[in-house]
Amino acid sequence: MNSRKVYFFSTCIGAVACANTCVNAIKLLQKEGLQVIFKKDQTCCGQPSFNSGYYKETKEIALYTMRLFEEDCPIILPSGSCTGMLRSDYLQLFAGTKQEEEAKRFCASIYELSEYLDKVLHVRYEDRGSPVAVTWHSNCHALRTAKCIDSAKTLLRSLKNVDLVELEREEECCGFGGTFSVKEPEISHAMVSRKIADIKARNVEYLIAGDAGCLLNIGGAMKKQGVNVTPIHLYDFLAQRIGLAD
C-alpha cells in the first residue's frame with residue numbers, strides 16, 4: 001500500500017454543506033507531505049439506505065464506491081459515521097457473497113482522519129491559539145462502530161491552550177441519526193435538548209464534533225434556543241489552532 005498517497009472521501013454532507021471542512025481536512029493531510037487524491041465521481045457511502053433496510057440498493061452503491069478507488073492506498077474520511085459504514089457495515093453487507101473478499105480488501109484501507117493523523121502519522125501540533133475551553137460530542141457510529149473517538153481527543157488534548165471539558169452525556173445520541181431525525185422529529189428534539197442542556201452546563205466557548213450531521217443538528221437547535229456556544233468541526237478547529245485555516 002502506498003502510504004504517501006491517500007484518497008479523500010468527502011461524504012455527502014461534506015460535499016453539500018461543509019466544503020470548508022473538507023478543504024481544512026485536506027490541508028491537514030498535505031501538511032504531513034501526503035499527496036491527496038479527490039475522486040470527483042465519488043458519491044454517498046450508502047448509510048441512509050442501509051439504515052433504512054434497502055440492502056439491495058445499498059450493495060449497488062457500495063460496489064460502485066469500492067471500485068471507484070482503484071489504487072492500493074489509504075482512503076481517508078472526515079467523518080466517523082461514514083468511516084463506520086465503509087469499514088464495518090460493508091463487511092456485514094457482503095458477508096457470504098462473492099464480493100466478500102473484495103469488500104475485506106476495501107474495508108482494510110479505510111481510516112477516519114483523526115485516527116490516521118494520530119495512529120499512523122503520529123502528529124502533534126503546536127497550538128497557536130489563545131486559551132479556550134471546549135467540549136466534545138461523540139457521534140454514535142464513530143464511538144461504537146468506527147471506534148475513533150480516542151484519536152480525536154488525543155489531538156485535542158495535545159493542544160496546550162485548549163481545555164477539553166467532558167460532557168456528562170457525551171456518549172448519548174444527539175437525536176440526529178440521519179433518517180431518524182426525519183422519521184421521529186419529536187423524539188429527536190427531546191434528545192438534542194438534553195444534549196444542549198449538558199453543553200450549557202459546561203461553560204465552554206466551543207462544541208466540537210467529528211461529524212457534520214451531528215453539528216448541523218446540535219448547532220441548529222442551539223441557535224433556536226439562543227445558546228451562545230459555537231459548534232465547530234474537529235478539522236476546522238485543528239486547522240485554526242495551527243494556522244492552516246483561511
Side-chain angles (χ1 to χ4, degrees), residues 10-22 24-25 44-53 77-85 89 112-114 132-153 155-156 162-238 240:
S10 64
T11 80
C12 295
I13 295 179
V16 172
C18 301
N20 286 342
T21 299
C22 291
N24 284 327
C44 179
C45 69
Q47 187 172 177
S49 58
F50 180 74
N51 290 345
S52 299
L77 293 85
S79 163
S81 183
C82 297
T83 297
M85 179 66 191
D89 294 335
E112 198 275 330
L113 177 54
S114 70
V132 66
V134 307
T135 194
W136 168 267
H137 163 70
S138 287
N139 162 271
C140 296
H141 222 50
L143 177 69
R144 298 177 178 88
T145 305
K147 296 180 171 57
C148 56
I149 299 300
D150 286 348
S151 288
K153 287 187 172 183
L155 293 175
L156 286 173
V162 174
D163 179 17
L164 177 59
V165 182
E166 303 282 358
L167 289 175
E168 181 180 347
R169 300 181 181 276
E170 177 195 325
E171 297 185 359
E172 291 186 14
C173 180
C174 72
F176 177 60
T179 57
F180 173 82
S181 60
V182 177
K183 295 176 180 177
E184 303 288 350
E186 294 85 2
I187 299 174
S188 176
H189 174 72
M191 294 170 73
V192 77
S193 294
R194 280 167 48 121
K195 178 71 69 170
I196 290 171
D198 191 9
I199 294 167
K200 287 172 63 178
R202 302 308 118 193
N203 296 315
V204 296
E205 184 174 341
Y206 290 101
L207 166 71
I208 303 174
D211 280 273
C214 294
L215 281 171
L216 290 173
N217 185 48
I218 300 172
M222 287 198 300
K223 185 176 181 179
K224 288 181 180 179
Q225 295 182 24
V227 178
N228 190 27
V229 177
T230 301
I232 188 169
H233 200 288
L234 173 62
Y235 304 119
D236 294 325
F237 185 77
L238 291 176
Q240 287 180 13

J.: To check you understand the geometry: which heavy-atom pair defines the closest contact between C148 and E112, and what is its length?
T.: SG-CG, 3.7 Å
J.: What do the steps show when you test S114 against L234 for side chain to side chain contact (heavy atoms under 4.5 Å, CB included), and what is the final call?
T.: CA-CA 9 Å; S114 70; L234 173 62; 4.1 Å; yes
J.: Just by distance, with hydrogens left out, do E171 and S138 show a side-chain donor and acceptor under 3.5 Å apart?
T.: no
J.: Roughly how far apart are L215 CG and I208 CD1, rounded to 0.5 Å?
T.: 9.5 Å
J.: Under a plain distance cut-off of 3.5 Å, with no hydrogens placed, do S81 and Q47 share a side-chain donor-acceptor pair?
T.: yes
J.: If you measure from NZ on K147 to OG1 on T145, what distance do you get to the nearest 0.5 Å?
T.: 6.0 Å
J.: Working to the nearest 0.5 Å, report the span between CD1 of I149 and CG of L143.
T.: 5.5 Å
J.: Checking side chain to side chain contact (heavy atoms under 4.5 Å, CB included) for the pair M222/L207: CA distance, chi angles, key distance, verdict?
T.: CA-CA 10 Å; M222 287 198 300; L207 166 71; 4.2 Å; yes
J.: Show your working on side chain to side chain contact (heavy atoms under 4.5 Å, CB included) between M191 and R169 and close with a plain yes or no.
T.: CA-CA 11 Å; M191 294 170 73; R169 300 181 181 276; over 6 Å; no
J.: Is it true that a side-chain atom of D198 and a backbone atom of L167 form a donor plus acceptor pair closer than 3.5 Å?
T.: no
J.: Between R202 and E170 (salt bridge meaning N to carboxylate O under 4.0 Å), is one present in this structure?
T.: no
J.: Taking C-beta and beyond as the side chain, do T11 and P78 meet within less than 4.5 Å on heavy atoms?
T.: yes
J.: Is H137 close to C174 at the side-chain level, that is, under 4.5 Å between some pair of heavy atoms?
T.: yes
J.: Quick check for you: to the nearest 0.5 Å, what is the distance between Y235 atom OH and N24 atom CG?
T.: 12.0 Å
J.: Which atoms form the tightest heavy-atom contact between P48 and C44, and what is the distance?
T.: CD-SG, 3.8 Å
J.: Would you mind reporting whether F237 and V134 have side-chain heavy atoms less than 4.5 Å apart?
T.: yes
J.: Where is the tightest heavy-atom contact between Q225 and S193, given as atom of each residue plus distance?
T.: NE2-OG, 3.5 Å
J.: Could you grab the distance from atom SG of C140 to atom CG of D211, nearest 0.5 Å is fine?
T.: 9.5 Å
J.: Could you please spell out the steps behind the side chain to side chain contact (heavy atoms under 4.5 Å, CB included) verdict for N139 and F176?
T.: CA-CA 10 Å; N139 162 271; F176 177 60; over 6 Å; no
J.: Nearest 0.5 angstrom please: I199 CD1 to I218 CD1, how far?
T.: 5.0 Å
J.: Is there a donor-acceptor contact under 3.5 Å linking the side chains of D89 and H141?
T.: yes
